[in-house]
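Heavy atoms only: backbone and side chains are in, while hydrogens, waters and symmetry mates are out. Proteins come first, then strands; the chains are lettered A, B, ... in the order of their sequence lines, and each starts at number 1.
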Amino acid sequence: MSKHAEIRDLPRRVGAVVTLSGWVVKNRPSGKLVFFEFRDGTGVCQCVVERTEKTESFFDTAKHLSQEAAVVVTGTARPEDRAAGGFEMHVTDLAVVGASTDYPITPKPHGIDFLFKRRHLWFRSQRQWIILRIRATIIDQIRRFFNDNGFVLIDTPIFAPAAGEGSQTLFKVDYFGEPVYLAQTGQLYLEAACMAHRKVYCFGPTFRAEKSKTRRHLTEFWMVEPEIAYASLSDVIDVAEDFVCSLVDRVLRDHQRDLIELGRDVSQLERIRKPFYRIRYDDAADLLRGPRPKELLERDLAAKTARLAELDQRVAELEDRQKQGGVKQWEKDKAAAEVIDLREERGELAEQIANIPHHLKLATEFTWGGDLGGSDETIISRLHDRPVFVTHYPKHVKAFYMREARDNAKVVENFDLLAPEGFGEVIGGSAREEDYDRLLHRIHEEGLPQEDYEWYLDLRRYGSVPHGGFGLGVERTVAWICNLKHIREAIPYPRMMGRFYP
RNA sequence: UCCCCGAUAGCUCAAUGGUAGAGCGUCCGGCUGUUAACCGGCAGGUUGUAGGUUCGAGUCCUACUCGGGGAGCCA
């Protein structure tokens, strides 16, 4: 590793001669002066090379520095408001370590397909760099939270026999001639472990072969799952609440500037405080069928229709202006770029508007017994100003292992956590059925082969206790906290239906 | 599996069924305060694939491929 200084230390190295190693972000040569923006993995700073006798030997090199060329620069840094990153380096020496020609990701707009085919380069870009750093912080905080609260890490297998939660779509793997599946949860294994360690968690990649192409789905994603012995449903929800608060607090503490850079409304995150709302499925169903979704969606419709008209007017204005004489080329470019953005927003708005009646219909015609749909979750979360736990779903839409409510055999003691601002479900969890007879009955009811679950039934034969846990999807959480439109930016190498390169 | 949308230069996008264009980027030249934003110039195309309609198809029709969004399902 180099002994070079780092950009993040520049505030403490003002005036000193330092050597930085990194990459050129962009270069603006102009006659006898060169500005180039430079990043080193710890931050960005602007470098300036003036043409003098001292810089003569490398001035021409500086002038032709291309995007993403790897360079080592020496000079003195000082604060500079006009510079990206807040610091400016006056370069006294410069060497190119690795050239870069025709770097494909330019400062101009690119399509999403183009960028994901170049994901290996894309995450050098500022915005992606910030997101992945926040992801790293969130993962660090996940581990800290559980380690600091007496949970023992238990790694669960990725190759799993067919028996999972039941009707899930899993990836099949040839395991020495026998079929096994990529795990979609470590939960059953954790239940066994929590009878040994009391509080346990697993954390790793998990796989779903669902053919979902939406902004909320990946086929490979990271999930953390705690499991606690001698715990009731409300005990588990308490842990989930503290846990989510700790994640948000940590990101607010360590990434204030990053969040602003991402355009995140930080005040929305600052509202994430205990207690979250806790409503039952029945209440959610009443809420959906009541007057409030209609009011919400009608307000939406009005607001979106108004915005649409605004966009159309703005586009017309810009197009008119482009036709007039005396407009500078760069002004035309800027206008054209704005028109493209506006049209994109318009397309999204139009689709949202078209979906509103459908979502309203789904909500108002919601019948007891069904699972909450994505749009239903969005409506519920938008009708609350903090995260919402929805509990006690109908038994027959949920997994066999969930604990039957003792006062109502039609529902189970489960919960989903809906993130605010319409980000949807980030946690699913439940109390587990600890009663041998009830569990066995459910296994048969679901048509699952009992022999595959004998080991699991053992947990109910030998000192069974009330217990429960939950799973939190890391990418959905990152997307929520960073305010990302699409979950695929929340993971370094997204795996989605039809996409597995690079 | 179903529904909607899309594919034109390296990139982002134009082009009433009638000669395929612009900007950016690249490269070259100029510029001492740049930041997606200066000026001038060069180069850049089998309009996703295969059929069809037509005097004529980037444009219309059919199928396919790939991509985007959504439903279902889910973290």
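Within the nucleic acid shown, A/L218 comes within 4.0 Å of at least one base atom, counting heavy atoms only. Backbone-only contact: A/R488 has heavy atoms under 4.0 Å from sugar-phosphate atoms and none from a base. Contact annotation for A/P104: no contact, since no heavy-atom pair falls under 4.0 Å across all strands. A/G424 comes within 4.0 angstrom of no nucleic acid atom, judged by non-hydrogen atoms across all strands. The residue A/D371 sits close only to the backbone: its heavy atoms come under 4.0 Å of sugar-phosphate atoms, none of a base. Base contact: A/I487 has a heavy atom under 4.0 Å from a base atom. Here A/Y103 lies out of heavy-atom contact (under 4.0 Å) with every strand.
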Just the atom pairs and distances: protein N or O near nucleotides 32-34 of chain B's N or O, under 3.5 Å.
from, atom 1, to, atom 2, distance (Å)
B/U32, OP2, A/K32, N, 3.0
B/G33, O2', A/R82, NH1, 3.3
B/G33, N1, A/E88, OE1, 3.3
B/G33, N1, A/E88, OE2, 3.2
B/G33, N2, A/Q46, NE2, 3.3
B/G33, N2, A/E88, OE1, 2.4
B/U34, O2, A/Q46, OE1, 3.4
B/U34, N3, A/Q46, OE1, 2.8
B/U34, N3, A/Q46, NE2, 3.2
B/U34, O4, A/Q46, NE2, 3.1
B/U34, O4, A/R82, O, 3.1

Sub-3.5 Å pairs of nitrogen or oxygen atoms, protein against nucleotides 1-7 of chain B:
from, atom 1, to, atom 2, distance (Å)
B/U1, O4, A/K211, O, 3.0

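Here, B/G48 and B/A43 have their P atoms 25 Å apart, quoted to the whole Å. Atom P of B/U34 sits at a distance of 46 Å from the matching atom of B/G18, rounded to the whole Å. Between the P atoms of B/A20 and B/G58, the separation comes to 8 Å (whole Å). To the nearest whole angstrom, the two P atoms, one in B/C38 and one in B/C5, are 38 Å apart. On the P atoms, B/A15 is 15 Å away from B/G21, given to the nearest whole Å. Comparing the P positions of B/A7 and B/U59 gives an interatomic distance of 11 Å, to the nearest angstrom. A gap of 26 Å separates the C1' atoms of B/G17 and B/C4, to the nearest Å. Of the C1' atoms belonging to B/U1 and B/G72, the separation is 9 Å, rounded to the nearest Å.
Distance CD (A/E377) to P (B/A71): 10 Å, rounded to an integer number of Å. Rounded to an integer number of Å, the gap from A/Q67 CD to B/U26 P is 8 Å. Between the NZ atom of A/K213 and the C1' atom of B/C74 there is a distance of 17 Å, given to the nearest Å. A straight line from CG of A/D102 to P of B/A43 spans 18 Å, rounded to a whole angstrom. Between the P atom of B/C11 and the CG atom of A/L115 lies a distance of 11 Å, rounded to the nearest Å. Regarding A/F114, its CZ atom lies at a distance of 21 Å from the P atom of B/C66, rounded to whole Å. Atom-to-atom, CG of A/D60 to P of B/C27 comes out at 13 Å; the value is rounded to the nearest Å. In this entry the distance linking CG of A/L418 with P of B/A75 reads 12 Å, nearest Å.
In this structure A/R143 satisfies the salt bridge (Lys or Arg N to Asp or Glu O under 4.0 Å) test with no other residue, sequence neighbours excluded. Every side-chain contact (heavy atoms from CB on, under 4.5 Å) that A/T156 has, sequence neighbours left out, goes to A/Y189, A/L190, A/C202. A/I112 pairs by the side-chain contact (heavy atoms from CB on, under 4.5 Å) definition with A/F116, A/W122, A/R488, not counting sequence neighbours. For A/R442, the salt bridge (Lys or Arg N to Asp or Glu O under 4.0 Å) partners are A/E445, A/E446, not counting sequence neighbours. Residues satisfying the ring pair (Phe, Tyr, Trp, His ring centres under 6.0 Å) criterion with A/F58, sequence neighbours excluded, are absent altogether.
The pairing partner recorded for B/C74 is none, the criterion being a Watson-Crick or G-U wobble arrangement whose two distances lie under 3.5 angstrom. Under the Watson-Crick or G-U wobble criterion, with both distances below 3.5 Å, B/G23 is paired with B/C11. B/A50 and B/U62 make up a base pair, with Watson-Crick or G-U wobble contacts both under 3.5 Å. Pairing for B/G40 is with B/C28, a Watson-Crick or G-U wobble pair whose two hydrogen-bonding atom distances lie under 3.5 Å.
The nucleotide whose nearest atom lies closest to any side-chain atom of A/R215 is, among B/C74, B/G70, B/G68, B/G70. Listed nucleotides: B/C74, B/A71, B/G25. Nearest to the side chain of A/H359: B/A71. Of the candidate nucleotides B/U12, B/G69, B/C24, B/C24 has the atom nearest to the side chain of A/K108. Comparing atom distances between the A/T214 side chain and each of B/U26, B/G68, B/G70 picks out B/G70 as nearest.
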> Would A/Y277 and A/H384 count as a ring pair (Phe, Tyr, Trp, His ring centres under 6.0 Å) if you check the C-alpha gap in whole Å, the side-chain angles of each, and the deciding distance to 0.1 Å?
Replying inline: CA-CA 8 Å; A/Y277 294 96; A/H384 295 81; 4.8 Å; yes
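Ring pair A/F171/A/F207 is perpendicular by interplanar angle, where above 60° counts as perpendicular and below 30° as parallel. Taking the six-membered ring where the residue is Trp, A/F470 and A/F146 present tilted rings, their angle falling between 30° and 60°.
Both A/E475 and A/T106 sit near RNA chain B, but only A/T106 has its closest nucleotide nearer the 5' end.
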Just list the side-chain donor-acceptor pairs under 3.5 Å for residues 363-370 of chain A, sequence neighbours left out, or say none.
from, atom 1, to, atom 2, distance (Å)
A/T364, OG1, A/L360, O, 2.9
A/T364, OG1, A/K361, O, 3.4
A/W368, NE1, A/D282, OD1, 2.7

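Contact of A/R118 with B/C11 (side chain to base): no donor-acceptor pair of N or O atoms is detected under 3.5 Å.
Residue pairs satisfying the salt bridge (charged side-chain N to carboxylate O under 4.0 Å, His left out) criterion with at least one member in residues 113-123 of chain A, sequence neighbours excluded, are listed as follows: A/D113-A/K117, A/D113-A/R499.
Side-chain contact check for A/R82 versus A/Q46: every heavy-atom pair is 4.5 Å or farther apart.
For the pair A/H110 and B/G10, the criterion of a side-chain N or O lying under 4.0 Å from OP1 or OP2 is not met.
Put simply, CG on A/L233 and CZ on A/R278 are 8.5 Å apart, with the number rounded to the nearest 0.5 Å.
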